[in-house]
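Right, one structure below, let's go through it.
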Amino acid sequence: MAEAGGGSGSDSDDDLSHLLRFDTEEEFFAAASANAACYFRSERHIVLDEEALASPDATVFTFRQRGEGKEHLADNTGGAIYDAAILLGRHLARSEAAVLKGARVLELGSGPAFTAAVCARLIGEEGSLLATDGEPTSVELARENLLVSGAHPDRVGAARYWWGTPIEEIPELKGKEWDVVIAADVAYTDEVLGPLVEALRVVCSSKTTAFLCNGSRSWKRERSLRNALREHFTLSEIDTTDLTYVTEREAPGQGAGAASAEAGAGGSGAGGKVGRREMHRYMLLWRLTPKKKE
């Protein structure tokens, strides 16, 4: 497979070829179509076999999605776990466990709260976490998934935050400072870029480190987002080369949804074999450091 578009894309157009992780558009669309099946499952079992999650029960995340038919369409985007959330969770477990231990963590646009659940297992007894989303149904789904995943209700919670709402009007955010802010696949339309950047600016203090992961749909949009973020943050791009895969356990009677192979030891039990597939989008992962206010 070829990772086209190395990092900046074309300045003259929005050619789809700059988004591809495959050699042809046909391969891209085939992978995208197959992967879409994952979003319409009511439950998923995602495996993160990272050392920081190396207790017997901590490598498989069982999550509910509102993924079936009308329910998914009514919810639009917030009911499914997208690949960017899995990639960000893997990176945090693999490379940022020390940063997260004891940290106060906020997630923006959490959806089912997969990445938040990964963080909940990394923050330890001294840390705290709040998953936020603009849709009330997604907040409820996040709260349910966090509890099912074993998060302690006194340290981990979920709340509604519609970007643009003054944080003074949100009890869970009012007066709070965050060590780490995370967001995955939240920059999916041009209309959300401004509100997203403003939300990041508002919730981040000078001591906050933010991580933003996005499955690229348009290099023009990614450039716009990068330029808007640079007004308030210093951006560092994180190499995702070794992170762009999903390992998932199938439930009984459930297909893998994408080209997959058994993933070795532990590939069966509790419902089915484990399959691995490659992510079909080029993934951008940025570390954001707030600029000092003049």
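Here the structure is a predicted model, which is why all the values come from computation and not from measurement.
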Checking side chain to side chain contact (heavy atoms under 4.5 Å, CB included) for the pair Cys119/Ile182: CA distance, chi angles, key distance, verdict? CA-CA 10 Å; Cys119 290; Ile182 59 174; 3.8 Å; yes

Criterion salt bridge (Lys or Arg N to Asp or Glu O under 4.0 Å) on Asp83 and Arg277, from CA distance to verdict: CA-CA 11 Å; Asp83 286 353; Arg277 63 175 172 82; 3.0 Å; yes

Derivation of the side chain to side chain contact (heavy atoms under 4.5 Å, CB included) call for Thr209 and Leu288: CA-CA 6 Å; Thr209 299; Leu288 311 178; over 6 Å; no

Intermediate values then yes/no, salt bridge (Lys or Arg N to Asp or Glu O under 4.0 Å), Arg221 and Asp190: CA-CA 7 Å; Arg221 186 179 303 145; Asp190 294 334; 2.9 Å; yes

Worked verdict on Cys213 versus Trp286 for side chain to side chain contact (heavy atoms under 4.5 Å, CB included): CA-CA 6 Å; Cys213 185; Trp286 294 329; over 6 Å; no

Report the C-alpha distance between Glu248 and His45 in whole Å, list the side-chain angles of each, state the deciding distance to 0.1 Å, and finish with yes or no for side-chain hydrogen bond (donor to acceptor under 3.5 Å, both in side chains). CA-CA 6 Å; Glu248 192 158 356; His45 309 272; over 6 Å; no

Could you please spell out the steps behind the salt bridge (Lys or Arg N to Asp or Glu O under 4.0 Å) verdict for Glu278 and Arg276? CA-CA 7 Å; Glu278 296 297 318; Arg276 170 170 164 157; 3.7 Å; yes

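Contact annotation: the side chain of Arg44 approaches that of Ile81 to within less than 4.5 Å [non-hydrogen atoms, C-beta and beyond]. Side-chain contact between Val197 and Leu225 is present, with heavy atoms from C-beta onward closer than 4.5 Å. With contacts defined as side-chain heavy-atom distances shorter than 4.5 Å, the pair Trp178/Leu173 qualifies. The side-chain heavy atoms of Ile167 and Val202, taken from C-beta on, include a pair separated by under 4.5 Å. Side-chain contact between Leu53 and Leu122 is present, with heavy atoms from C-beta onward closer than 4.5 Å. The closest side-chain heavy-atom distance from Leu108 to Val181 is below 4.5 Å. Between Tyr245 and Ile86 the shortest side-chain heavy-atom distance does not fall below 4.5 Å. Counting only heavy atoms from C-beta outward, the side chains of Gln65 and Phe40 never approach each other to under 4.5 Å.
Note that OG1 of Thr240 and CG of Leu284 are 7.5 Å apart. Values are rounded to the nearest 0.5 Å. Remark: Ile238 CD1 to Thr241 OG1 distance equals 12.0 Å, nearest 0.5 Å. Note: Arg121 CZ to Leu100 CG = 14.0 Å, rounded to the nearest 0.5 Å. With rounding to the nearest 0.5 Å, the separation of OG in Ser128 from CZ in Arg155 is 9.5 Å. Note that CZ of Arg64 and CD of Glu43 are 8.5 Å apart. Values are rounded to the nearest 0.5 Å. Atom CG of Leu243 and atom CG of Leu87 lie 4.5 Å apart (nearest 0.5 Å).
Remark: the backbone N or O of Met283 is not paired with any side-chain donor or acceptor of Asn214 at under 3.5 angstrom. Remark: the backbone N or O of Thr137 is paired with a side-chain donor or acceptor of Arg66 at under 3.5 angstrom. A side-chain donor-acceptor contact under 3.5 Å links Glu107 to the backbone of Ala116. Between the Ser110 side chain and the Thr132 main chain, a donor and an acceptor come within less than 3.5 Å of each other. When atom types are taken as modelled, the side chain of Thr115 and the backbone of Ala85 share a donor-acceptor pair closer than 3.5 angstrom. Checking side-chain atoms of Ser149 against main-chain N and O of Leu146 turns up a donor-acceptor pair under 3.5 Å. In terms of modelled atom types and a separation under 3.5 Å, the side chain of Lys291 and the main chain of Arg230 share a donor-acceptor contact.
Within a 6.0 Å sphere centred on NZ of Lys101, other residues, nucleotides and ligands contribute 12 heavy atoms or fewer. Counting heavy atoms of neighbouring residues, nucleotides and ligands inside a 6.0 Å radius, atom CD of Glu177 does not exceed 12 of them.
In this structure, Asp133 does not pair ionically with Arg160, as no charged nitrogen and carboxylate oxygen lie closer than 4.0 Å. With respect to Arg90 and Glu50, a salt bridge is recorded, a charged nitrogen being found less than 4.0 Å from a carboxylate O. By the 4.0 Å N-to-carboxylate-O rule, Arg104 lies too far from Glu126 to be salt-bridged with it.
One hydrophobic cluster holds both Leu229 and Tyr282 under the rule that ILVMFWY side chains link at heavy-atom gaps under 4.5 Å. Leu141 and Phe114 fall into different hydrophobic clusters, where Ile, Leu, Val, Met, Phe, Trp and Tyr side chains are chained together by heavy-atom contacts under 4.5 Å. Residues Val139 and Leu147 fall into different hydrophobic clusters, defined by Ile, Leu, Val, Met, Phe, Trp and Tyr side chains chained together at heavy-atom separations under 4.5 Å. Following chains of ILVMFWY side-chain contacts shorter than 4.5 Å, one can reach Phe63 starting from Leu92, so the two form part of one hydrophobic cluster. Residue Leu130 is grouped with residue Leu212 when hydrophobic side chains (ILVMFWY) are merged at heavy-atom distances under 4.5 angstrom, including chains of intermediate members.
The shortest heavy-atom contact between Ala52 and Ala93 is CB-O, 3.3 Å. The nearest pair of heavy atoms linking Val60 to Val47 is CG2-CG2, 4.1 Å. A pairwise comparison of heavy atoms in Asp179 and Gly102 identifies OD2-O, 4.5 Å as the closest pair. Minimum heavy-atom separation, Ala103 to Ile123: O-CG2, 3.9 Å. Here the closest heavy-atom approach between residue Ala84 and residue Asp185 is recorded as CB-CB, 3.7 Å. In this structure, Trp162 and Gly134 approach most closely via the heavy-atom pair CE3-O, 3.6 Å.
Checked against a 6.0 Å centroid threshold, the rings of Tyr188 and Tyr82 do not count as neighbours.
At least one cation-pi condition fails for Arg287 and Phe211: the charged atom is not both under 6.0 angstrom from the six-membered ring centre and inside a 45 degree cone around its axis.
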